[in-house]
Amino acid sequence: MDVQSLAGDSVDNVPGAPGIGIKTAALLINEFGSLEELLDRAGEIKQPKRRETLIDNRAQIELSKRLVSLDCDMPMETTLEELEVRDPDPDTLLGFLTEMEFRTLTRRIADALKVEPPAIKDEMPGGAEAAPETAPEMLPFDTSAYEHVQDRAALDRWIAEIRELGYVAFDTETTSLDEMVAELVGVSLSTAPGKACYIPVGHTLGTDDLFGGTERADGQMPLEEVLAALAPILADESILKIGQNIKYDAKVLANYGVSVHPIDDTMLMSYALNAGQHGHGMDALSERYLGHNPIPIKDLIGSGKSAITFDRVPVADAVRYAAEDADITLRLWQLFKPQLHRQQVTSVYETLERPLVPVLAQMERTGIKVDRDTLSRMSNAFAQQMAGLEAEIHELAGGPFNVGSPKQLGEILFDKMGLPGGKTGKTGAYATGADVLEDLATEHELPRRVLDWRQIAKLKSTYTDALQDHINRETGRVHTSYVQTGANTGRLASTDPNLQNIPVRSEEGRRIREAFVAEEGKVLVSLDYSQIELRILAHIAGIEALKDAFRQGQDIHAATASEMFNVPLAEMTPDIRRQAKAINFGVIYGISGFGLARNLRIPRAEAQGFIDRYFERFPGIRDYMDATKAFAKEHGYVQTLFGRKIHTPEINAKGPTAGFAQRAAINAPIQGTAADVIRRAMIRMPDAIEGLPAKMLLQVHDELLFEVEAGAADKLIAVAKEVMESAAEPAVRMAVPLIVDAGQGANWAEAH
DNA sequence: GTCCTCACG
DNA sequence: ACGTACGTGAGGACC
């Protein structure tokens with residue numbers, strides 16, 4: 001059987017979806033020599049549908065892997081031969097590779113054969129700009145039609161159908177939003193629109209009983225039996241598990257020893273398709289794409305302090321709610337899957353979103369050890385310092401007030417004490433931010449004291465107090481959650497707790513990192529990209545002077561200062577360098593005279609002069625900014641080097657909104673490309689460090705933190721550094737080196 | 001719930 | 001004339 005006949009024989013899982021996913025994937029697999037094995041395995045399976053699904057799922061997994069390390073070991077001649085003989089449609093390939101990857105691939109093939117690379121069309125047929133449409137003939141939602149599964153025969157029927165089908169949408173109901181403590185209450189499954197079931201396993205009775213929630217509700221199978229029956233399905237590589245934010249369900253089930261693989265995630269599909277356009281929560285997606293408002297969870301568990309846990313929800317109500325969620329997820333998946341290709345974000349989803357899920361799940365479950373005693377001691381010390389400062393502040397103010405209230409502070413400073421410059425914001429309140437107090441500090445002692453008080457109050461409430469509450473009772477570690485769709489640019493967000501904003505800039509704050517420790521006999525290793533965003537800017541905008549400075553390993557801010565102010569590097573002063581640094585950051589953020597002036601505390605005209613000079617010396621920057629704005633205005637989105645789309649719906653707005661949108665559009669490809677790079681590193685990391693006694697713990701945008709047995713730290717640094725520095729390759733050949741700095745120590749303060 | 005403030009990259 | 005640096009999350013005050 002050759003590739004063509006395989007492609008012709010295969011269909012996509014989704015009705016109406018183009019069947020080229022399998023063709024392209026199979027073609028690539030053939031290139032890498034694993035098709036035979038695939039076909040052997042598929043041949044053992046009798047049911048045609050399941051055979052196709054196996055091929056498709058395996059193909060997708062292989063494709064993900066291969067795209068991430070596309071040409072590391074590619075047999076170049078074979079590829080060209082295959083491409084010529086099979087004549088794959090470039091548009092088809094473009095749907096799976098980013099344009100950049102495809103261009104790289106074709107260019108290399110052409111180079112090898114010394115021929116001209118083929119012309120590549122820029123736009124996809126079918127309209128890359130087309131908005132996802134809702135299903136034309138959608139089955140109405142009927143929550144009374146969902147099945148309550150409560151015996152083995154019924155469960156077996158569902159399992160048999162799922163095995164035949166090769167995919168299932170599923171959802172778990174639990175007792176907590178915190179996966180590390182959540183207990184499984186039930187599982188819902190859906191195999192077709194309108195067809196869904198709920199399998200309750202942990203519902204209790206007596207919601208009004210003070211000691212209620214302990215007596216087991218009727219109509220349930222034992223949890224162990226259900227998990228034992230479902231586990232083979234959930235771990236079966238030929239059965240795709242579809243979820244909405246499936247990382248949550250996978251983490252809960254992992255605590256029961258059940259692995260979930262392979263997966264698709266409608267939340268991540270929505271993000272790949274529509275980052276910047278709208279939210280990706282299920283309720284919003286359901287309303288937008290299915291025209292259906294799901295049953296609000298509030299209707300079942302209430303809200304606020306009186307909210308109950310899901311185990312106390314009556315089983316009959318839970319069936320409707322839970323099965324509906326699985327039903328919605330399945331319908332969204334059917335809508336989104338073909339859209340990925342049409343919008344040319346398949347490779348974004350396949351290489352940057354889908355494979356990151358298990359990596360993040362593992363990091364979150366691992367957690368990081370935090371020393372409670374250290375935090376507790378710091379909290380006590382902070383409390384004392386705050387009390388002392390508060391007394392001084394009240395003394396200076398001539399009476400007591402709530403130092404933590406910006407409103408009261410503003411009245412004290414500007415009304416009572418009559419200090420200058422009391423500016424009110426949009427809401428009519430006095431501004432008392434750090435920059436304002438900093439200026440006032442020259443007038444009076446009080447603002448400085450308030451600044452000190454605020455710094456300590458922040459450290460205590462947000463860090464030394466709050467972090468203690470996040471130490472898991474069983475693991476003794478802190479387990480953050482990463483939100484993969486948290487930032488429109490492709491960055492992650494960290495919540496509950498946020499471990500991406502642990503203090504580092506101030507000496508006092510940095511000490512909090514001493515509480516983040518390695519286990520006995522281990523060390524923490526921190527690796528961070530040096531100036532990655534400026535390097536990406538130099539690459540994207542093609543600024544020769546910047547590229548040269550990076551290639552020569554120069555101090556980039558000093559080099560910028562030298563170029564701008566005509567100061568030889570040998571005569572560079574810290575202050576000139578500081579100004580150039582601010583300008584470099586400003587460029588990344590979509591610079592404005594006002595913003596730079598405020599940041600540097602210089603007159604606006606002077607700041608504008610700096611910017612003009614900068615554009616003069618680095619003209620490519622202005623070209624990049626103009627081109628990016630023009631692209632956003634024309635297309636409604638901007639792109640990273642790896643094909644990620646960030647939509648800019650406000651780009652054509654009038655008024656101040658336009659400025660915001662333009663600066664965001666300028667920043668997004670830079671910040672987003674950096675985010676893509678570290679994602680690629682993270683996805684490759686588990687395989688790269690396999691066999692080393694090391695675990696990846698945290699990501700902080702341009703930094704990865706590991707815990708490793710002390711004796712293996714140097715080896716880990718060597719391996720992980722290489723993965724990070726080569727993470728853009730081979731999809732993107734950077735014109736400047738990506739450099740990673742490393743550190744190690746007993747705690748995060750030492751490692752950083 | 002919203003605003004203000006401030007922690008990070 | 002206007003009002004601005006990009007991207008986040010969390011805690012406390014206040015309505």
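This is a predicted model, so every value here is computed, not measured. Excluded from the calculations below are hydrogen atoms, water molecules and symmetry mates; all remaining heavy atoms, backbone and side chain alike, are included. A, B, ... follow the sequence lines: proteins, then strands. Residue 1 opens every chain.
Across all strands, A:Ile670 comes closer than 4.0 Å to no nucleic acid atom at all (heavy-atom distances). A:Arg604 comes within contact range of at least one nucleobase, with a heavy-atom separation under 4.0 Å. Among the atoms of the strands shown, none is found under 4.0 Å from any heavy atom of A:Pro656. Across all strands shown, A:Ala582 has heavy atoms under 4.0 Å from base atoms, whether or not it also approaches the sugar-phosphate. Among the atoms of the strands shown, none is found under 4.0 Å from any heavy atom of A:Gly659.
The interatomic distance linking A:Glu650 (CD) with C:dT4 (C1') rounds to 15 Å, in whole Å. Separating the NE2 atom of A:His701 from the C1' atom of B:dA7 is a distance of 11 Å, rounded to the nearest angstrom. Computed from coordinates, the A:Ile502 CD1 to B:dC6 P distance equals 18 Å when rounded to whole Å. Residue A:Lys629 contributes atom NZ, which lies 15 Å from atom C1' of C:dC6 at whole-angstrom precision. Rounded to whole Å, atom P of B:dA7 lies 13 Å from atom CZ of A:Arg510. Whole-Å rounding puts the A:Leu492 CG to B:dC8 C1' distance at 14 Å. To the nearest angstrom, C1' of C:dC6 lies 12 Å from CD1 of A:Ile646. The distance from atom CD1 of A:Ile651 to atom P of C:dT4 is 18 Å, rounded to the nearest whole Å.
Side-chain contact, A:Asp371 with A:Thr374: a donor N or O sits under 3.5 Å from an acceptor N or O. Using modelled atom types, one finds no donor on one side chain facing an acceptor on the other under 3.5 Å when comparing A:Tyr271 with A:Asp265. Side-chain contact annotation: A:Asp612 with A:Gln608, donor-acceptor N/O pair under 3.5 Å present.
Geometric assessment of A:Lys460 against the ring of A:Phe382 yields a negative cation-pi assignment under the 6.0 Å and 45° thresholds.
Of the residues in residues 591-601 of chain A, not one places a heavy atom less than 4.0 Å from an atom of DNA chain B.
Without hydrogens or angle criteria, A:Ser494 side chain to A:Tyr482 main chain gives no donor-acceptor distance under 3.5 Å.
Of the P atoms belonging to C:dG3 and B:dA7, the separation is 28 Å, rounded to the nearest Å. Distance noted for atom C1' between B:dC6 and C:dC2: 27 Å (whole Å). Nucleotides B:dT2 and C:dA5 have their C1' atoms positioned 24 Å apart, rounded to a whole Å.
Residue A:Arg491 places none of its side-chain N or O atoms closer than 4.0 Å to OP1 or OP2 of C:dG7.
Nucleotide C:dA10: paired with B:dT5 (Watson-Crick or G-U wobble, both distances less than 3.5 Å).
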Fill in: Test log, rule side chain to side chain donor-acceptor pair (under 3.5 Å), inputs A:Ser526 and A:Arg513
CA-CA 12 Å; A:Ser526 165; A:Arg513 295 190 173 218; over 6 Å; no
Response to the item:
Protein-proximity profile, nucleotides 10-15 of chain C, B/S/- by nucleotide at the 4.0 Å heavy-atom cutoff, equals BSSSS-
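Minimum interatomic distance between A:Glu514 and A:Ala749 (heavy atoms only, all atoms of both residues): CG-CB, 3.8 Å.
A donor-acceptor contact under 3.5 Å is formed by the side chain of A:Arg505 with the base of B:dG9.
Taking the six-membered ring where the residue is Trp, A:Trp748 and A:Phe516 present perpendicular rings, their angle passing 60° and hence far from 30°.
Looking at residues two or more places apart in sequence or on another chain, you find a side-chain contact (heavy atoms from CB on, under 4.5 Å) between A:Lys416 and A:Ile412.
With B:dC6, C:dG9, C:dC6 as the choices, the nucleotide that has an atom nearest any side-chain atom of A:Ala434 turns out to be B:dC6.
Between A:Tyr614 and A:Phe610, the gap from one ring centroid to the other reaches at least 6.0 Å.
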